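Here's the structure, in structure tokens; my notes come after.
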Amino acid sequence: MKMTTPISDFIWSYRCKKPLRLHMPGHKGVLLTGCEGDDITEVAGADSLYEAEGIIRESEQNASLLFGCPTFYSTEGSSQCIRAMLYLTLLYAKEQGVDRPLILAGRNAHKTFLSAAALLDLDVEWLYPNENEGYLACHISPVLLERELSRLSEDDVVPTALYLTSPDYLGGVADIERLSEVCHKHGVLLLVDNAHGAYLKFLSPSLHPMDLGADLCCDSAHKTLPVLTGGAYLHVGSHMPLGLRSQAKQALALFGSTSPSYLILQSLDMANAVMASKDFATSLMKTSKWVDACRVKLMAHGINANYSEEPLKLTLYPKTYGYTGMEVAEYLRQNGIECEFADPDFVVMMITPAITEADLEQLTEVLLSLPRREALMQCPPALVRPERVMSIREAMLSPAETLPVSECLGRVLAEATVGCPPAVPIVVSGEIIDESAIECFNYYDIKVCSVIKE
């Protein structure tokens, strides 16, 4: 498929004309880092992201063709898109006569979900992981969802939407197709945080949530596609009410800067041409095979590398080999390899076609050079369901103070001040910090908490 690149073409033309730039940004195109010549603002002909009628609209239409549904750009990552998805869900609920919608959500939601729930005053009912899962995973089966929705319906409660994180940070993938069938049977929207899975669209067959029945979905293009950090997509199901589709831009604008980065827009634009080429799908398939080969070698050596269900995410559980995730990450760093994420239990590495077969062979060689040690038997502390005493909104908008974890027992969490990665809260705003929460904080080396002032 031949794909135009209107944003990139315009910026190239503008740069070549060498105009006297009496507009923002302040660098005026004078090189400092090397990218300033392409960094422009909404000059004549450059279009405007949230009122797109020209080159940005054309580029977004190209992306829509690639993803098979209405697709809109974000220059502020999936965080902006998550907030927009929930705003559209709020509008949808109001059209159904529901003033304050209830959202069912997997407990491993990104903290952006909490801030959106607070801003929009949404009610959230959490779905919890299995006992043997940590806080980063939350496998929700269609059977569990059916049971939960049936339980709520007995109390005349109908959630507006189910919110899932899939793939999750460790590479767990939800059964989106069957979950969407359950949702739609009960008249519930399915929202998917697919930040880690934009590339799933280009596998054969597609594993992208929008092809499996999701109603709204966000992708962090920059995580798995050749896009600059901050580039993301908001996808809206073609079957969604036309009025909501037309308000997608308004939803993004509500939470976005009025000065979106044209460097990121140009990157999203150029990525369309890459993804439209036959070579891209082929390179994904080849890279997936290389990752599989790496897994096989590591597993044969006794390193548990079979945790991720996602084709291009390599997640190790090195405790059976005698190491914590942080120790393996540090060993890799000493050998010139930087991983995506590590905690006491896991090491996560994200692979794309920009990684070569030789790169993966180097990674395998370094990991196999680790001397095997006696297995570590310590398991992460069990997660329990904290008591909720106020809404997310009330907690996040209350006066707060930051205290050492040791002084937080019995206090109410105000803001989930967890870092990114992975930005998944153990305790949610409005919940009481109990002894099990303290144990989890200590295990994951969380030093301080933001709690409501007494």
Side-chain angles (χ1 to χ4, degrees), residues 102-118 121-140 144 147-148 151-152 155 157 159 163-165 168-170 172 319 324-326 341 343-346 376-454:
L102 171 66
I103 310 294
L104 285 181
R107 183 68 178 196
N108 62 336
H110 191 279
K111 69 177 183 180
T112 296
F113 174 82
L114 298 184
S115 66
D121 197 18
L122 303 176
D123 195 11
V124 179
E125 181 87 14
W126 295 108
L127 298 176
Y128 283 82
N130 299 322
E131 289 184 3
N132 60 343
E133 292 179 323
Y135 77 110
L136 293 176
C138 189
H139 284 84
I140 299 167
L144 171 65
R147 186 165 63 241
E148 186 68 17
R151 179 187 68 81
L152 290 169
D155 297 328
V157 176
Y163 179 92
L164 296 177
T165 303
D168 62 34
Y169 220 98
L170 301 178
K319 279 189 168 180
T324 67
M326 288 96 75
F341 170 74
D343 71 5
D345 302 294
F346 298 101
L376 301 177
M377 305 308 294
Q378 183 187 21
C379 295
L383 296 175
V384 298
R385 304 186 182 201
E387 180 185 356
R388 180 171 59 186
V389 294
M390 62 179 65
S391 71
I392 295 172
R393 177 183 176 87
E394 184 181 359
M396 291 190 74
L397 299 183
S398 293
E401 58 183 338
T402 300
L403 296 176
V405 163
S406 60
E407 299 178 21
C408 292
L409 182 63
R411 301 293 292 271
V412 179
L413 190 79
E415 182 184 356
T417 53
V418 287
C420 187
V424 176
I426 293 172
V427 177
V428 167
S429 305
E431 294 177 342
I432 294 177
I433 300 170
D434 59 17
E435 291 181 353
S436 64
I438 297 289
E439 186 180 1
C440 286
F441 291 151
N442 289 332
Y443 182 81
Y444 291 108
D445 200 31
I446 295 172
K447 302 293 189 184
V448 298
C449 285
S450 172
V451 296
I452 293 174
K453 284 185 177 180
E454 293 183 340

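Quick caveat, the model's predicted, so the values are computed rather than measured.
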Residues V424, D168; criterion side-chain contact (heavy atoms from CB on, under 4.5 Å); working and verdict | CA-CA 10 Å; V424 176; D168 62 34; over 6 Å; no
Closest contact, heavy atoms only, [X] versus [Y]:
X: C440; Y: L383; value: SG-CD2, 3.4 Å
X: C408; Y: C449; value: SG-CB, 3.7 Å
X: R388; Y: V124; value: NH1-O, 2.8 Å
X: V389; Y: I432; value: CG1-CD1, 3.5 Å
X: I392; Y: L114; value: CG2-O, 3.6 Å
X: K111; Y: V418; value: NZ-O, 2.9 Å

Rounded to the nearest 0.5 Å, what separation is found between the [atom1] atom of [X] and the [atom2] atom of [Y]?
X: I426; Y: R107; atom1: CD1; atom2: CZ; result: 10.0 Å
X: S406; Y: K447; atom1: OG; atom2: NZ; result: 10.5 Å
X: L122; Y: I103; atom1: CG; atom2: CD1; result: 5.5 Å
X: H139; Y: L127; atom1: NE2; atom2: CG; result: 14.0 Å
X: F441; Y: L409; atom1: CZ; atom2: CG; result: 11.0 Å
X: M326; Y: F341; atom1: CE; atom2: CZ; result: 9.5 Å

Closer than 3.5 angstrom, by distance alone: can the side chain of [X] be matched with the main-chain N or O of [Y] as a donor-acceptor pair?
X: S450; Y: T402; value: no
X: S391; Y: E394; value: yes
X: E407; Y: P404; value: no
X: R411; Y: I452; value: yes
X: D155; Y: V157; value: no
X: K319; Y: Q378; value: yes

Practice problem: Let me see the working for W126 and F113 under ring pair (Phe, Tyr, Trp, His ring centres under 6.0 Å), right down to the final yes or no. | Solution: CA-CA 12 Å; W126 295 108; F113 174 82; 5.8 Å; yes
Practice item. Quick one: do Y444 and Y135 satisfy ring pair (Phe, Tyr, Trp, His ring centres under 6.0 Å)? Show the steps, please. Key: CA-CA 11 Å; Y444 291 108; Y135 77 110; 4.7 Å; yes
Show, in sequence, the C-alpha distance, side-chain angles and deciding distance for I438 and V405, and conclude whether the side-chain contact (heavy atoms from CB on, under 4.5 Å) test is met. CA-CA 7 Å; I438 297 289; V405 163; 3.7 Å; yes
